[in-house]
Protein chains: 2
Amino acid sequence: MATKGEITKEKILAKAESLILQKGYAGMTLDELLEETGLTKGAFFHHFKGKAGLAKSVLERYASNDYELFKNYSDQADRLSDDPLERVLIFIKLFEEFLNGLENPFPGCIFSSYSYEVRNFEPEIGDYIKENLNAWLDLYENKLGALIKARPPALPVTARELSEMIGSIIEGSFVMTLAMKDKSWTQRQSAQYRHYIELLFRT
Amino acid sequence: MATKGEITKEKILAKAESLILQKGYAGMTLDELLEETGLTKGAFFHHFKGKAGLAKSVLERYASNDYELFKNYSDQADRLSDDPLERVLIFIKLFEEFLNGLENPFPGCIFSSYSYEVRNFEPEIGDYIKENLNAWLDLYENKLGALIKARPPALPVTARELSEMIGSIIEGSFVMTLAMKDKSWTQRQSAQYRHYIELLFRT
DNA sequence: TATAAAACATACCAAATGGTCTGTGTCAAG
DNA sequence: CTTGACACAGACCATTTGGTATGTTTTATA
């Protein structure tokens, strides 16, 4: 059962993530955060070890939710097909459908946001981001490795390179979504990546 | 001839860009900026209309330098080959070589940094970023359009989609370069994009 | 060389900001 | 019913931060 404190803490974390994605960590003030949540200083400092502690908690929560989402789609793809190529394509397509189902555009990635103000954080925060990005890329790399093992690609590419590519495309698309105010951007570019994979492996 | 004031102004702008890319606009304080440049409040407020004015000047300077760089490579590619496919590939490769020639890794993109704290800026800043990103993508789109006109792609893709893709890959690679502390990331992913183009058009 | 404008320096200020301290209500266990 | 830990509220504080006011030096130009 979620205690009253857990609910309050989650409300703070969700609002903080939203504010950080729109103003950055340094740009988000505690007063604004507390005003928008309807809470006070007392509540905040009871649950978090200062602003830096909040940043860490926001990051951990985001990393956990993010990994769970992709891990879910990865497993689902494996259940939906036995073909290594189809598994990769479905994995990617599931995320596209997820984006398409959102009423509001994806608000951005905490990993990216933190990375663009890395000097505001302790080095361990950067290490944590790196670890979690690697775990995310590993999900793609595993499937791409199986695919390469099953069929020779049309060009000499590694599973790592291809996993880094979809990671770059997604992160870059989030930036472009924000900058261009075009919420279908990520979906469109993810589809381009699927084209590339098909050309590489659909002999 | 550059006046003394122009030199000072440029020094402030360069240092501000560097600090913004590491701490964000909100995270960069004027005191820190002035300490690192060895100047004082008087010098700063003589040259800039407050912190917001500095942000706008940093953005305009970055946009100008950025466009000039890519415009240069675009023209150079046209001079080096008559073949539409080669022109695209050379254009991309020239930027890869530029990145490879840097001793320090590329410090990031001001457009991205600003986009991840867009609510700290006036809306006109967002509009300006969008315009300049479009001008950048247009350089790619022109070449890709000529290529598609000359040869049918293996899959039905538009010049716009393909230009958005290289844009996404570059922006995403900058993020990953920062997050993973891997300065060869952008180069590697740019090469993957060239592979995709080759598969699409090298019949 | 006189002079005005440009290019700074420095002391100062009001507001914002992260954080502390003390107090209060609530709720479950003894 | 008591008590003590949890979950807040709200006043208060020290520092930081963007910005101003005023004064001084340098530079271009007539």
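Quick note: numbers below take in every heavy atom, side chains included, and nothing from hydrogens, waters or symmetry partners. In what follows, chains are A, B, ... by sequence order, proteins preceding strands, each numbered from 1. In this text, all values refer to a predicted model and were calculated from it rather than measured experimentally.
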- [ ] Using the salt bridge (charged side-chain N to carboxylate O under 4.0 Å, His left out) rule, collect all pairs that involve residues 178-196 of chain B, keeping only residues at least two apart or in two chains.
- [x] A:Asp127-B:Lys181, A:Glu164-B:Arg188, B:Glu96-B:Arg194, B:Asp182-B:Arg188
Open item on the list: Measure NZ/B:Lys9 against P/C:dC8 and give the value in whole Å, please.
Closed with: 12 Å
Task: Residue pairs passing the side chain to side chain donor-acceptor pair (under 3.5 Å) test where at least one lies in residues 14-25 of chain B, sequence neighbours excluded - done: A:Arg119-B:Gln22, B:Lys15-B:Glu36, B:Glu17-B:Arg61, B:Ser18-B:Gln22, B:Lys23-B:Glu32
Task: Rounded distance in Å - CD (A:Glu10) to P (D:dA7) - done: 15 Å
Open item on the list: Among residues at least two apart in sequence or on other chains, which ones pass side-chain contact (heavy atoms from CB on, under 4.5 Å) with B:Asp78?
Closed with: B:Arg87, B:Lys143
TODO: Look at the side-chain N and O atoms of A:His46 and state whether any lies under 4.0 Å from the OP1 or OP2 oxygen of D:dC6.
DONE: no
Open item on the list: Under the rule for side-chain contact (heavy atoms from CB on, under 4.5 Å), what residues qualify as partners of B:Thr158, not counting sequence neighbours?
Closed with: B:Arg160, B:Glu161
Open item on the list: Going by side-chain contact (heavy atoms from CB on, under 4.5 Å), name the residues that satisfy it together with A:Leu178, two or more places apart in sequence or in a different chain.
Closed with: B:Ser115, B:Tyr116
Open item on the list: Rounded to whole Å, how long is the line connecting atom CG of B:Leu34 with atom P of D:dT16?
Closed with: 16 Å
Task: Spacing between A:His47 atom NE2 and D:dC6 atom C1', to the nearest angstrom - done: 9 Å
Open item on the list: Could you tell me how far apart B:Glu6 (CD) and D:dT27 (P) are, to the nearest whole angstrom?
Closed with: 15 Å
Task: Distance in angstrom units between B:Phe48 CZ and D:dT20 P, rounded - done: 16 Å
Output a table of nitrogen or oxygen pairs between the protein and nucleotides 15-22 of chain C separated by less than 3.5 Å.
from: C:dG18; atom 1: OP1; to: A:Lys51; atom 2: NZ; distance (Å): 3.1
from: C:dG18; atom 1: OP2; to: A:Leu30; atom 2: N; distance (Å): 2.9
from: C:dG19; atom 1: OP2; to: A:Lys51; atom 2: N; distance (Å): 2.8
from: C:dG19; atom 1: N7; to: A:Lys41; atom 2: NZ; distance (Å): 3.2
from: C:dG19; atom 1: O6; to: A:Lys41; atom 2: NZ; distance (Å): 2.6

TODO: Kindly state whether the ring of B:Phe91 and the ring of B:Phe95 have centres lying under 6.0 angstrom apart.
DONE: no
Task: Spacing of A:Leu33 atom CG relative to D:dC8 atom P, expressed in whole Å - done: 14 Å
